[in-house]
Structure formats: structure tokens, C-alpha cells
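To find a chain, count down the sequence lines: A is the first, B the second, and so on, and within it residues start at 1.
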Amino acid sequence: MGIVEAILLSVITAATPLVLAAIGELVTERSGVLNLGVEGMMIMGAVSAFAITQITGSPVLGMLAGVLCGALFSQLFAFLTLTLVANQVATGLALTLLGIGVSGMMGESFLGIQGIKLQPIAIPFLADIPMLGPLLFRQDIIFYLSIALVAGVHWFLFRSRAGLKLRAVGDSHASAHALGVNVIRTRYLAVMFGGACAGLAGAQLSLVYTPQWVENMSAGRGWIALALVVFSSWRPWRVVAGGYLFGAVSISQLHAQAFGLGIPSQFLSSLPYLATIVVLILISHNRRTTLINTPASLGKPFVPDR
Amino acid sequence: MKKLLLALASTAAAIGFATGASAQEKAKICFVYVGSKTDGGWTQAHDIGRQALEKQLGDKVETQFLENVPEGPDAERAIERLARSGCGLIFTTSFGFMDATIKIAQKFPDVKFEHATGYKTAPNVATYNSRFYEGRYIQGQIAAKMSQKGVAGYIASFPIPEVVMGINSFVIGARSVNPDFKIKVVWANTWFDPGKEADAAKALVDQGVDILTQHTDTTAPMQVAAERGIKAFGQASDMIAAGPNTQLTAIVDTWGAYYVKRTQAFLDGKWETTSSWDGLKDGILTMAPYTNMPDDVKKMAEETEAKIKSGELKPFTGPLKKQDGSEWLAAGVSSDDGTLLGMNFYVEGVDDQLPK
């Protein structure tokens with residue numbers, strides 16, 4: 001295995017949870033809901049995936065548990081903000097804090113236990129392509145899902161009727177409501193999708209990235225995912241670009257250090273963030289295209305008049 | 001109704017009285033943790049120390065702790081909250097809490113503070129530390145014996161004297177066995193981020209090191225080492241569970257005895273400002289069992305450990321050169337503690353530029 005291949009493999013592992021959590025949040029935000037609880041849903045996904053894997057011995061069941069737990073946990077946020085019309089920013093932050101606390105409690109008995117890794121699945125024929133095969137076609141199912149989800153979300157948002165409705169709800173909930181779209185139900189589903197994706201991202205952490213459970217193991221990745229949604233200007237494929245750019249710079253800086261290039265490590269450590277900011281400035285250079293993509297009702301509460 | 005209210009009020013008063021009385025009897029000893037008390041590493045070691053204190057002096061003291069307290073401005077609030085809530089003695093257990101501890105200590109002259117691994121004291125602030133570097137010297141020697149490539153990877157957290165001292169001691173130990181031994185250093189710039197620590201470990205292994213050692217807090221690097229089939233050292237706690245066939249040994253922090261000693265002094269009214277820096281011989285630092293190595297390496301490690309305990313061997317003893325080749329210590333001269341505690345340079349053999 002060459003060094004380039006090794007670096008790319010690490011990049012894929014590092015970027016996958018970011019892409020997953022971001023693509024979920026992208027759908028949530030496209031429906032006009034700002035859920036800052038990504039970190040909390042992610043860590044809940046991580047702990048339940050690990051716990052169910054330990055109990056059943058099957059990482060696939062664990063993964064499903066992570067997805068389910070993320071989706072369920074997000075419904076708490078949905079109920080508070082959509083039905084009870086609580087402030088989305090405050091509720092999202094509370095969801096993160098609650099998630100970190102509850103996951104710590106749930107995970108207490110699973111500390112220090114050796115994890116079971118979700119095994120890679122080689123795709124016949126494709127896996128034998130030199131270079132690309134081992135990188136892209138000998139991965140675990142969560143990686144395949146992350147790419148499929150991005151493609152699916154792209155198709156859903158821009159090619160399907162339901163996606164058009166979801167975007168309408170995010171852009172002008174009053175108009176969508178007037179046209180007979182059920183705004184609240186659409187948003188409930190969008191939040192649930194966001195939660196499921198964040199839960200899957202969490203499962204990737206505790207089953208693939210570092211197969212173990214430690215409290216607070218998401219270590220801020222939910223926040224990076226949130227930033228990636230803005231970075232992508234709410235376009236699905238740009239989430240992949242952003243996630244992999246961030247991952248690539250994070251991993252390369254570690255290699256640059258190990259190689260002994262003599263560049264200050266504090267500078268190298270801040271590179272992923274700097275690179276993201278630079279690209280963000282370049283992308284948002286054109287204000288008009290940015291505005292077109294920003295969901296106009298983002299974060300605004302909707303109360304249907306009866 | 002009135003009667004009921006009166007009854008409620010008097011019960012409440014009685015309860016209030018009861019807790020007030022018991023709080024007066026028991027001294028409150030408090031801890032501030034940088035990570036989670038179950039991190040499997042640094043903070044867990046402190047929490048085990050706290051539990052030992054509860055066990056031994058539980059009839060006289062009650063303990064309280066705040067975990068996941070970030071270094072920086074938040075630390076001040078956390079420490080102040082404990083000081084206000086009636087803690088008599090507060091242990092702040094991370095280097096980055098130093099300035100916050102000193103600042104709050106000035107505000108609460110009647111509360112005693114103990115700061116781990118720092119170098120600033122005050123009339124009511126003592127410092128305590130452990131000579132972790134003694135363990136790292138032994139690890140260096142083992143690494144030099146066990147590595148086939150003669151290169152070890154070192155995952156470091158922040159460029160503070162404590163960490164630099166550890167890197168140097170490891171290299172000096174390794175070079176006492178193999179004078180050509182080299183290490184590669186990666187700064188993770190975090191104490192606690194399993195993903196990032198694993199990434200750093202992978203980067204080092206991909207670049208050809210065959211022994212890993214870490215100065216960060218989770219078992220993620222140990223797990224990567226196990227997966228890649230190389231050997232590694234645990235940090236702060238025994239990490240053998242994460243790598244049954246991987247861990248060579250670990251530096252295990254055993255703070256309990258110190259916490260009991262200092263709390264006893266506090267209870268007796270004999271507490272005073274000290275700068276305690278104990279090591280292997282005092283039992284504040286122990287080595288996890290030497291595993292996954294041939295008997296001759298094990299024997300060497302045990303001999304070195306015994307020599308350090310008896311004082312016969314001091315890791316930082318000349319002839320030693322700094323990284324740039326200039327003389328640091330002449331033959332037979334040992335470094336003073338002040339230089340070690342403010343260490344801001346590498347010794348010869350470190351293949352890295354020290355972040356400044």
C-alpha cells in the first residue's frame with residue numbers, strides 16, 4: 001500500500017461522518033428548520049450503535065440502532081420547535097447538551113470495552129481495479145450509504161415533486177401552506193431525516209472510525225457538519241467536496257508533521273479551518289447565487305392560522 | 001391550609017438544618033477535571049484517586065467534582081463555582097487550569113488550592129506533579145529493543161514543558177540502548193479527540209514507525225496499533241484492554257496516596273504551600289505489567305525501574321546534547337528540576353521542530 005493510498009483511506013474515514021451529518025442537516029435546513037443539535041444526535045447515534053453492537057454482537061444491527069436513535073432523538077427537537085413553537089436555536093443547543101449528557105449516562109457500562117468493527121464489503125469486480133478498488137470499493141457499508149444518500153438527496157430535492165414541496169416549505173412556508181402543503185408534517189419528516197443521518201454518522205464513529213465508546217467522542221464533529229452545510233450553500237454535492245476538503249487537509253497536516261517538514265504544528269492544525277474559510281469566501285463571492293440557494297424561511301417559526 | 005403550610009415550612013427548616021449540620025461536620029474536597037471521569041486515561045486516573053480519598057477519609061470528607069471543564073475562561077467560572085459552594089480544598093487537575101487557579105485563589109484566600117503539573121504557587125496554592133518522565137525513559141529503552149526499524153511514533157498534545165520533557169526522556173532512554181534511534185512526533189493539539197488521535201496514529205504508522213507512544217488521553221492510538229499489528233505504550237491508565245496483544249506497558253498515574261496525604265494535612269490544619277514532585281519510588285507513578293515482550297527486554301525494563309526507584313539512575317544525566325548539537329549536560333551531571341519544569345528544547349535525536 002503506497003503512502004498516497006494510505007492517506008486517501010484515512011481521509012475517507014475522517015470525511016464520512018462529516019458528509020453524513022451534513023447531508024442530513026442540509027435537508028432539515030432546506031425545509032426551513034435550523035437544528036443546532038447535530039452534535040447531540042450524533043453522539044446519541046454513536047452510543048446506541050455501540051451498545052446494540054455489544055449486546056447483539058452484530059455491528060449491522062448496531063448501525064441500524066444508531067440511525068433509529070438519531071431519528072427518535074430528533075423528534076424531541078421537532079416536537080418542541082414545530083408543535084410548541086419553541087426557539088429553534090435555543091432548542092438545538094439544548095438538544096446537543098442533552099445528547100452529550102444522556103449518552104454519557106447510557107454509555108457508562110460500555111466504557112473500556114473492545115469494540116466490534118463494521119467490516120468492509122468488497123464489491124465484486126470493482127474491488128479489483130488497481131488503486132481505486134481498495135479505496136472506493138472495499139469500504140464499509142456506511143461509506144457506500146454516505147455517497148448514495150448524497151446522490152439520493154440531490155435527486156430528491158431537484159428532481160422530485162416531494163423535494164420541490166420541501167424546498168417550497170423552506171423558502172416560504174406561508175405560500176406552501178396556502179397551496180395545501182402540510183408544512184408541519186414536511187418539517188417533522190425533514191428533521192427526522194436529519195436525525196437519522198446524524199445517528200448514522202455517530203454509528204460510523206463508534207463502529208468504524210474508532211470502534212470504542214468514550215464519552216463525548218464526537219468531539220465537535222457535529223459543529224463542523226453544521227458549518228459544512230453553509231459552506232455547501234445548501235447544495236448536496238458541495239457537502240461532499242467540503243467534507244473531503246476538510247478531511248484531506250486534516251490528514252495531510254498530520255502527515256506533514258510526521259514527515260518532519262518543520263512547519264509550526266499550530267499552523268498546520270488550523271489549516272483545515274483556514275482552507276474551509278478561504279473556499280467559503282470564494283464560493284460566497286457571488287451574493288446572488290448564494291441568496292438563491294439559502295432557504296428563505298430558515299429558522300423562522302410557522303404557526304398556521306386557523 | 002395554614003396549618004399545612006406551617007407544617008411544610010417547619011419540615012423544610014428541619015431538612016435545611018440537617019444538611020447544614022452534616023456539611024459542617026464533613027469538609028468538602030473538590031476536583032476540576034479537564035476530561036470525562038471515564039476517559040480511560042488522565043482524568044480517570046484522577047477520579048480513581050478521588051475515590052481512594054473517599055474510601056479512606058469518607059467519614060471526614062465529602063468529595064465533589066466537575067468534569068469536562070475546558071481550559072481557558074470557562075475554567076475560571078468552574079473553579080469559582082466550587083470555591084463559592086463551600087469547598088475547602090480544590091484540586092485542579094490540568095496544566096491549562098494554572099492561571100485560572102491562581103486568579104480564583106486570590107479571590108478566595110481562605111480556600112486552599114492544589115494545581116496539578118503547573119509551576120505557579122501562592123500562599124493558598126500548592127502544586128503537585130508526578131515524574132512521568134521516569135516511566136517514559138523505561139518506555140524508550142523498551143522501544144529501542146522492540147523496534148525493528150529504529151523509529152517510534154510519538155503522538156503529542158500541546159508543546160508544554162511536561163510534554164516536551166516526556167519526549168526528551170523517551171529519546172534519551174531509547175538512545176541509551178540504540179544510539180541511532182529516532183522518533184517522529186505528531187502534535188494533535190488536543191488532549192481528547194479519539195478520531196484525531198487515531199488519525200495521527202495512522203499517519204505515523206503509514207510513514208513507517210513500528211512502535212507508538214502517546215501523550216493524549218484516549219485509547220484510540222492503542223486501537224490503531226492493534227489493528228496494524230505493531231506495539232504501543234499506554235498513557236495515564238493501564239490500556240491493556242484496548243490492546244491485549246499490543247500494549248508493552250503503560251505509565252499509570254496513582255494519585256490516591258497524594259490526595260489522602262494532602263487532605264489529611266488540610267483536616268489537621270497543617271496544610272501549607274508545597275511544590276510536590278514525586279515519582280516511581282513514591283508510588284505516585286507505577287508501570288503497568290510488562291507484556292508482549294521477550295524476557296530479556298522485560299528484565300532490562302525491571303532493572304531500569306529498580307535503578308530509578310533507588311535513585312541510582314536519573315534519566316536526565318549527561319553527557320547530553322541539545323537538538324542543535326550544543327552541549328547541555330556534561331558527563332555525570334544531572335539536570336535540576338527547574339530546567340525540567342520549564343523545558344522548551346529538544347535533546348539530540350528528536351526528528352521534529354518544537355512548536356513555539
Side-chain angles (χ1 to χ4, degrees), chain A residues 1-11 13-14 17-18 46 100-101 104-105 107-115 117 204-206 208-221 247 250-270 272, chain B residues 35-41 43-44 67-68 151 153-156 158-159 182-190 192-209 217-224 226-227 237-244 350-356:
Chain A
M1 194 165 64
I3 188 85
V4 177
E5 224 173 305
I7 292 178
L8 290 175
L9 270 176
S10 303
V11 171
T13 315
L18 302 177
I100 292 173
M105 217 167 66
E108 192 120 31
S109 49
F110 295 99
L111 284 160
I113 295 178
Q114 255 322 76
K117 195 168 183 168
Q204 197 264 6
L205 293 181
S206 65
V208 179
Y209 203 158
T210 49
Q212 56 174 315
W213 164 251
V214 264
E215 221 176 291
N216 219 348
M217 69 183 294
S218 50
R221 284 180 182 74
S250 320
I251 301 296
S252 323
Q253 67 96 0
L254 293 172
H255 274 275
Q257 285 194 46
F259 206 72
L261 291 184
I263 306 166
S265 74
Q266 292 96 330
F267 173 72
L268 287 172
S269 292
S270 59
Chain B
S36 128
K37 69 174 195 302
T38 45
D39 64 356
T43 297
Q44 185 165 343
E67 51 184 338
N68 294 316
V151 191
Y154 204 112
I155 302 164
F158 293 102
K182 282 206 158 55
I183 64 162
K184 285 178 181 289
V185 183
V186 167
W187 296 90
N189 281 311
T190 177
F192 185 93
D193 181 341
K196 207 166 181 184
E197 292 167 46
D199 287 340
K202 286 181 202 163
L204 285 164
V205 181
D206 289 339
Q207 292 206 12
V209 310
D217 293 350
T218 78
T219 55
M222 179 68 70
Q223 215 171 20
V224 170
E227 206 177 290
S237 295
D238 192 343
M239 295 180 171
I240 191 81
V350 185
D351 190 13
D352 179 50
Q353 214 151 20
L354 185 62
K356 290 253 150 79

Would you check, one step at a time, whether the test side-chain contact (heavy atoms from CB on, under 4.5 Å) holds for A:Ser265 with B:Asn189?
CA-CA 8 Å; A:Ser265 74; B:Asn189 281 311; 3.8 Å; yes
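- With rounding to the nearest 0.5 angstrom, the CD atom of A:Glu108 is 4.5 Å from the NZ atom of B:Lys37.
- The shortest non-hydrogen separation linking A:Gln114 to B:Ala241 is CG-O, 3.4 Å.
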Pair A:Leu9-B:Lys202, side-chain contact (heavy atoms from CB on, under 4.5 Å): steps then yes or no
CA-CA 10 Å; A:Leu9 270 176; B:Lys202 286 181 202 163; over 6 Å; no
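- Residue with the most contacts toward chain A among B:Ser237, B:Ala200, B:Gly195, B:Gly153: B:Gly195 (heavy-atom pairs, distance under 4.5 Å).
- Distance alone, capped at 3.5 Å, is enough to place a donor-acceptor pair between the B:Gln223 side chain and the A:Pro211 backbone.
- Remark: A:Phe259 CZ is loosely packed, at most 12 non-hydrogen atoms of other residues, nucleotides or ligands lying under 6.0 Å away.
- For A:Gln266 against B:Pro159, the heavy-atom pair with the smallest separation is NE2-CG, 3.9 Å.
- Annotation: maximal heavy-atom pairing with chain A below 4.5 Å, among B:Glu197, B:Gln44, B:Met239, B:Gln353, occurs at B:Gln353.
- Only the backbone of B:Val185 comes within contact range of chain A, judged by heavy atoms closer than 4.5 Å.
- The residue among A:Ile7, A:Asn216, A:Leu111 with the most heavy atom pairs within less than 4.5 Å of chain B is A:Leu111.
- Only the side chain of A:Thr13 comes within contact range of chain B, with heavy atoms under 4.5 Å apart.
- Nearest approach of A:Ile3 to B:Asp206, heavy atoms of both residues: CD1-O, 3.3 Å.
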Apply side-chain contact (heavy atoms from CB on, under 4.5 Å) to A:Met217 and B:Thr218, showing your working.
CA-CA 10 Å; A:Met217 69 183 294; B:Thr218 78; over 6 Å; no
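- When each of B:Thr219, B:Asp352, B:Ile183 is checked for heavy-atom pairs under 4.5 Å with chain A, B:Thr219 comes out on top.
- The shortest heavy-atom contact between B:Lys196 and A:Arg221 is N-NH2, 3.5 Å.
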With side-chain contact (heavy atoms from CB on, under 4.5 Å) as the criterion, how do A:Gln257 and B:Leu204 come out once you've worked through the C-alpha distance, each side chain's angles and the decisive distance to 0.1 Å?
CA-CA 9 Å; A:Gln257 285 194 46; B:Leu204 285 164; over 6 Å; no
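- With a threshold of 4.5 angstrom between heavy atoms, B:Glu227 approaches chain A through side-chain atoms but not through N, CA, C or O.
- Considering every non-hydrogen atom in both B:Gln207 and A:Ala258, the closest pair reads OE1-C, 3.4 Å.
- Listed here is the closest heavy atom pair of B:Asp199 and A:Ala14: OD2-CB, 3.9 Å.
- Atom NZ of B:Lys182 is surrounded by 12 or fewer heavy atoms from other residues, nucleotides or ligands within 6.0 Å.
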